[in-house]
Protein chains: 2
Amino acid sequence: MPAAIAALRANGLRVSTARRVVLEALFAAGGPATAEQLASGLDGRAPQSDLASMYRNLDTFEQLGLVRHVHFGHGAGRYVLSARSHGGYVACARCGAFDELEDGALDALRRAVRAHTSYEVGFTHFPVVGLCAGCVASDASRA
Amino acid sequence: MPAAIAALRANGLRVSTARRVVLEALFAAGGPATAEQLASGLDGRAPQSDLASMYRNLDTFEQLGLVRHVHFGHGAGRYVLSARSHGGYVACARCGAFDELEDGALDALRRAVRAHTSYEVGFTHFPVVGLCAGCVASDASRA
DNA sequence: ATACTTGCAAATGATTTGCCAGTGT
DNA sequence: ACACTGGCAAATCATTTGCAAGTAT
């Protein structure tokens with residue numbers, strides 16, 4: 001966390017209370033959380049804050065490379081501390097469950113894409129979507 | 001296209017003019033198009049129609065398995081005739097370019113995910129996102 | 001002191017929903 | 001005839017933006 005503060009200073013950005021709160025909330029969340037969850041205080045685990053400012057600051061931190069966000073299916077995007085989440089995610093299109101991909105899986109995926117296309121994919125911005133083991137059984141609808 | 005009409009009938013749904021227009025537009029689009037593009041008539045290549053009804057009918061066709069939609073980065077989702085697009089897509093997070101994944105690539109990806117997780121991914125609902133060859137050079141921002 | 005930030009309200013973009021008139025079957 | 005649909009307006013969700021007041025530096 002002091003690293004994040006340093007990053008702000010290093011970029012001439014101010015270390016405001018609101019920004020400290022954003023970091024605190026992301027830290028407390030421990031995993032991908034929506035801007036709304038973070039701003040509403042994570043059920044008391046972090047101080048509440050303004051949603052618009054939350055978005056603005058998440059974006060600021062994202063540009064500094066400290067935060068990233070992923071979209072699990074439809075609905076709100078989820079933000080995480082980059083330090084807490086190196087790889088990509090697999091998300092279930094049905095129930096919303098998700099897990100981080102291990103480095104091995106990530107490498108295998110990147111290699112597969114590179115072998116067949118001219119794209120260099122990261123799986124770091126958007127997750128790999130499919131059905132989790134539990135939902136495979138009850139197949140049917142949309143994403 | 002007559003297959004789509006038959007599918008409607010088979011499910012007790014009505015074959016209305018609006019629904020024919022949706023199919024016509026999807027057909028004319030030839031690839032993933034937004035609901036707005038489809039409803040506005042694709043620059044004259046299809047009749048214009050109501051946006052809300054377009055969404056409703058795209059959803060209806062999606063439930064019948066005739067249409068599917070993908071999200072290339074942020075912004076509006078794009079709809080395609082399932083018959084025209086079997087596999088998944090690779091999309092560029094930077095410039096919005098996208099290409100279909102060949103079956104080989106798709107299989108390799110599915111295998112990789114299956115080997116490392118308990119998920120059964122399709123890549124058919126959401127695309128694989130990364131940077132296209134052109135954008136790899138100028139790296140930097142968000143998704 | 002001054003420019004960067006905040007917080008709140010209002011705007012935007014995408015998609016959905018309510019409702020009643022219209023129309024396939 | 002009757003239930004399913006279409007069209008239009010209004011609502012909703014996620015996110016962004018305008019602005020005046022507040023505060024790091």
Side-chain angles (χ1 to χ4, degrees), chain A residues 4-25 32-41 46-64 67-79 96 125-126 141-143, chain B residues 4-25 32-41 46-64 67-79 96 125-126 141-143:
Chain A
I5 303 292
L8 285 173
R9 294 227 149 84
N11 287 74
L13 296 169
R14 294 182 183 175
V15 181
S16 64
T17 306
R19 288 193 176 137
R20 287 174 187 283
V21 170
V22 172
L23 293 173
E24 196 179 330
T34 64
E36 174 143 41
Q37 296 175 321
L38 295 167
S40 63
Q48 294 187 205
S49 48
D50 180 65
L51 184 56
S53 298
M54 176 57 70
Y55 273 111
R56 262 186 304 231
N57 286 323
L58 284 171
D59 187 63
T60 297
F61 287 126
E62 197 157 26
Q63 295 193 54
L64 294 179
V67 164
R68 69 197 192 86
H69 76 270
V70 275
H71 296 278
F72 299 134
H74 292 161
R78 287 162 179 278
Y79 300 76
H125 293 336
F126 285 78
S141 26
R142 96 190 38 76
Chain B
I5 303 293
L8 284 174
R9 292 228 151 83
N11 287 73
L13 296 170
R14 294 182 182 175
V15 181
S16 63
T17 306
R19 288 190 176 140
R20 287 173 187 285
V21 170
V22 171
L23 293 172
E24 195 180 330
T34 64
E36 173 143 42
Q37 296 175 322
L38 295 167
S40 65
Q48 294 186 206
S49 47
D50 180 65
L51 185 54
S53 299
M54 176 57 70
Y55 273 111
R56 262 187 301 232
N57 287 322
L58 284 172
D59 187 63
T60 296
F61 287 126
E62 198 156 26
Q63 296 192 55
L64 293 179
V67 164
R68 69 195 191 87
H69 76 270
V70 275
H71 295 279
F72 299 134
H74 293 160
R78 286 162 179 280
Y79 300 77
H125 292 335
F126 284 77
S141 24
R142 95 188 38 73

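Model, not experiment: these values are computed from the prediction. Sequence lines set the chain letters: A, B, ... in the order given, protein chains first and strands last, and positions in each chain run from 1.
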K.L.:
Are Arg14(A) and Leu8(A) side-chain neighbours, meaning at least one heavy-atom pair lies under 4.5 Å?
P.N.:
no

K.L.:
For the residue pair Leu13(A) and Leu64(A), establish whether any side-chain heavy-atom pair is separated by less than 4.5 Å.
P.N.:
yes

K.L.:
Using a 4.0 Å heavy-atom cut-off, does Leu13(A) contact any base of the nucleic acid, only the sugar-phosphate backbone, or nothing at all?
P.N.:
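Leu13(A): backbone/sugar contact only, no base atoms under 4.0 Å.
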
K.L.:
Leu58(A) versus Leu38(A): any side-chain heavy-atom pair under 4.5 Å?
P.N.:
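SC-SC contact between Leu58(A) and Leu38(A) confirmed.
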
K.L.:
At their closest point, which heavy atom of Arg78(B) faces which heavy atom of Pro32(B), and how far apart are they?
P.N.:
NH1-O, 3.3 Å

K.L.:
What integer distance in Å separates His71(B):NE2 from dT15(D):P?
P.N.:
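Atom-to-atom, His71(B) to dT15(D), this comes out as 13 Å.
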
K.L.:
Enter the distance from Glu62(A):CD to Arg68(A):CZ here, rounded to the nearest 0.5 Å.
P.N.:
9.5 Å

K.L.:
Taking atom C1' of dT25(D) as reference, at what distance in whole Å does atom CG of Asn11(A) sit?
P.N.:
16 Å

K.L.:
Mind calculating the distance between CG (Asn57(A)) and P (dA24(D)) to the nearest angstrom?
P.N.:
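Rounded to the whole Å, the gap is 13 Å.
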
K.L.:
Identify the 5'-most and 3'-most nucleotides of DNA chain C with at least one atom closer than 4.0 Å to a non-hydrogen atom of chain B.
P.N.:
dA14(C) to dT25(C)

K.L.:
I want to confirm an ordering. Mapping Arg19(B) and Glu36(A) to their closest nucleotides on DNA chain D, which one lands closer to the 5' end?
P.N.:
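The residue mapped nearer the 5' terminus is Arg19(B).
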
K.L.:
Hey, which of these two, Asp50(A) or Gly77(B), hits DNA chain C nearer its 5' end, going by closest nucleotide?
P.N.:
Asp50(A)

K.L.:
Under 4.0 Å between any heavy atoms, over every strand shown, what does Arg9(A) touch: base, sugar-phosphate, or nothing? Just pick one.
P.N.:
sugar-phosphate

K.L.:
Tabulate atom names and distances for all N/O pairs under 3.5 angstrom spanning the protein and nucleotides 18-22 of chain D.
P.N.:
residue : atom : partner  : partner atom : Å
dG18(D) : O6   : Arg56(A) : NH1          : 3.2

K.L.:
Locate the shortest heavy-atom distance separating Ala35(A) from Met54(A); write the atom from each residue and the value.
P.N.:
O-CG, 3.6 Å

K.L.:
Just the rounded figure in Å: distance from P of dC8(D) to OH of Tyr55(B).
P.N.:
17 Å

K.L.:
Looking at every strand, decide which applies to Ser16(A) at a 4.0 Å heavy-atom threshold: base, sugar-phosphate, or nothing.
P.N.:
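It contacts sugar-phosphate atoms only.
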
K.L.:
Relative to the 5' end of DNA chain C, which residue comes earlier, Arg78(B) or Val15(B), by the nucleotide with the nearest heavy atom?
P.N.:
Arg78(B)

K.L.:
With a 3.5 Å distance limit and no angle check, can you tell me whether Asp50(B) reaches the backbone of Ala52(B) through a side-chain donor-acceptor pair?
P.N.:
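Between the backbone of Ala52(B) and the side chain of Asp50(B) there is a qualifying donor-acceptor contact (under 3.5 Å).
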
K.L.:
Could you list the residues that satisfy side chain to side chain donor-acceptor pair (under 3.5 Å) with Arg19(B), not counting sequence neighbours?
P.N.:
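Side chain to side chain donor-acceptor pair (under 3.5 Å) list for Arg19(B), sorted by chain: Asn57(B).
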
K.L.:
Atom CG of Leu8(A) and atom P of dA24(D): how far apart are they, to the nearest Å?
P.N.:
13 Å

K.L.:
Between His69(B) and Tyr79(B), what is the ring plane arrangement, given parallel below 30°, perpendicular above 60°, and tilted in between?
P.N.:
tilted

